[in-house]
Amino acid sequence: METAVAVKDFTLRRGSFLLKSINLTVRKNEILAIIGKTGAGKTMLLEAISGAYGEKKGRIFVSGTDVLSVPVEKRGIGFVYQDYGLFPHMTVYQNISYGLRMRKTPKESIKEKVEHIAQLLSIQHILNCWPATLSGGECQRTALARSLIVNPRLLLLDEPFSALDPVTRDKMHELLLDIHQKFNCTIIFVSHDFKEAASLAERVGVMIDGELIEVRNCKDLFLPYEDERANEFLGINQKERRVE
């Protein structure tokens, strides 16, 4: 199967924190979840995959090309942060169209694309609103629209559902699966929620203290690990497992 992302012996230090020799392969059109405690390095890994860091050891390839060798606007990567990262001084329409405007897309084409994606994400009624007036779900949809409008090959989501109420979160879970199907893109998302990760992703990676301990199929997520830190994090008691 074709590879969308390949992380090879990637090491990065920021202050006292070390992302340690990460190796990861993500298949094209896969949904991969990364789980771990706060401060485990999950967001830093996403940022590294997006090409945010120049000083590092190791290589990161997106669609077979070293991510740092490609200009940001041509990487084909969408990134949605936990706090959504919307520009407060821009309307929803202006936020969504930002990437297209940076690419000098003609105004008529921008209008057509914004209206189309707003309809897909059911936010056409808030296009003239300001971010400060939006609900959490509306902010999330706007941030997704801004990333998706440039047709990314890879979508990176940092704790995309953590700030949402349960009802909105369930709707966003459905939307994520719909986006995956309609946009035919590879998705990597970070989550604290084991159940969420296992229900949405095909595989789940466990991060502990800057290390990617293991990547597994969801059905095997709660089988014992050789690394005791992973067992503790996931609440796995190896002795009880062996007895069963």
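The figures here come from the full heavy-atom set of this structure, side chains too, leaving out hydrogens, waters and symmetry mates.
Side chains of F87 and Q94 form no contact here, defined as non-hydrogen atoms less than 4.5 Å apart. For the pair I31/L177, a side-chain contact is recorded, criterion being any heavy-atom separation below 4.5 Å from C-beta on. Contact annotation: the side chain of P131 approaches that of N95 to within less than 4.5 Å [non-hydrogen atoms, C-beta and beyond]. Between L148 and L120 there is no side-chain heavy-atom pair separated by less than 4.5 Å. No side-chain heavy atom of I188 sits under 4.5 Å from any side-chain heavy atom of L45. When side chains are defined from C-beta on, E159 counts as touching H192, because their heavy atoms get closer than 4.5 Å.
Paired with L32 under the rule side chain to side chain contact (heavy atoms under 4.5 Å, CB included), one option of V5, L200, T25, V26 passes, and it is V26.
Atom CD1 of I179 sits about 12.0 Å away from atom CD of E174, to the nearest 0.5 Å. Here the CG-CD1 distance, from D227 to I213, works out to 4.0 Å after rounding to the nearest 0.5 Å. The structure places NZ of K113 at 9.5 Å from CD1 of I117, a figure rounded to the nearest 0.5 Å. Distance check: L19 CG to F10 CZ gives 6.5 Å after rounding to the nearest 0.5 Å. To the nearest 0.5 Å, atoms CZ (F194) and CD1 (I35) are separated by 5.0 Å. For the atom pair L154 CG and I77 CD1, the distance stands at 5.0 Å (nearest 0.5 Å).
Here the side chain of R169 pairs a donor or acceptor atom with the backbone of L164 at under 3.5 angstrom. Using modelled atom types, no side-chain atom of N231 and backbone atom of I236 make a donor-acceptor pair closer than 3.5 Å. Remark: side-chain polar atoms of T133 are paired, donor with acceptor, to backbone N or O of W130 under 3.5 angstrom. Formation of a donor-acceptor pair under 3.5 Å by the R14 side chain with backbone atoms of M44 is not found in this model. A donor-acceptor distance shorter than 3.5 angstrom exists from the side chain of T11 to the backbone of S21, with no hydrogens or angles considered. At least one donor-acceptor pair closer than 3.5 Å links the side chain of R153 to the backbone N or O of R75. Listed for the E30 side chain is no donor-acceptor partner under 3.5 Å among the backbone atoms of T186. No donor-acceptor distance shorter than 3.5 angstrom exists from the side chain of R203 to the backbone of V215, with no hydrogens or angles considered. The backbone N or O of T168 lies less than 3.5 Å from a partner atom in the side chain of D165, making a donor-acceptor pair. Using a distance-only test at 3.5 Å, with no hydrogens or angles considered, no donor-acceptor pair links the side chain of K42 to the main chain of M207.
Contact detail for I22 and G210: the closest heavy-atom pair is CD1-O, 3.7 Å. Between R216 and L221, the shortest heavy-atom distance links the atoms NH1-O, 4.0 Å. Nearest approach of E202 to R27, heavy atoms of both residues: OE1-NH2, 4.2 Å. Heavy atoms only, all atoms of each residue included: S97 and I110 are closest at CB-CG2, 3.5 Å. The shortest non-hydrogen separation linking C218 to A201 is SG-O, 3.0 Å. The minimum heavy-atom distance linking S147 with L155 is given by the pair CB-CD1, 3.9 Å.
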Which is it for T91 and L127 under the side-chain contact (heavy atoms from CB on, under 4.5 Å) test, yes or no, and what are the steps along the way? CA-CA 7 Å; T91 64; L127 286 176; over 6 Å; no
Review point. Checking side-chain contact (heavy atoms from CB on, under 4.5 Å) for the pair Q82/S162: CA distance, chi angles, key distance, verdict?
Key: CA-CA 8 Å; Q82 183 177 359; S162 61; 3.1 Å; yes
### Task
Please lay out, stage by stage, how D193 and F161 fare under the test side-chain contact (heavy atoms from CB on, under 4.5 Å).
CA-CA 10 Å; D193 189 326; F161 314 114; over 6 Å; no
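Remark: E73 CD is packed, more than 12 non-hydrogen atoms of other residues, nucleotides or ligands lying under 6.0 Å away. Within a 6.0 Å sphere centred on CD of E232, heavy atoms belonging to other residues, nucleotides or ligands number 12 at most. Other residues, nucleotides and ligands place no more than 12 heavy atoms under 6.0 Å from the CG atom of N128. Other residues, nucleotides and ligands place more than 12 heavy atoms under 6.0 Å from the NZ atom of K20.
Y84 and E138 share no donor-acceptor pair across their side chains, judged by distance under 3.5 Å alone.
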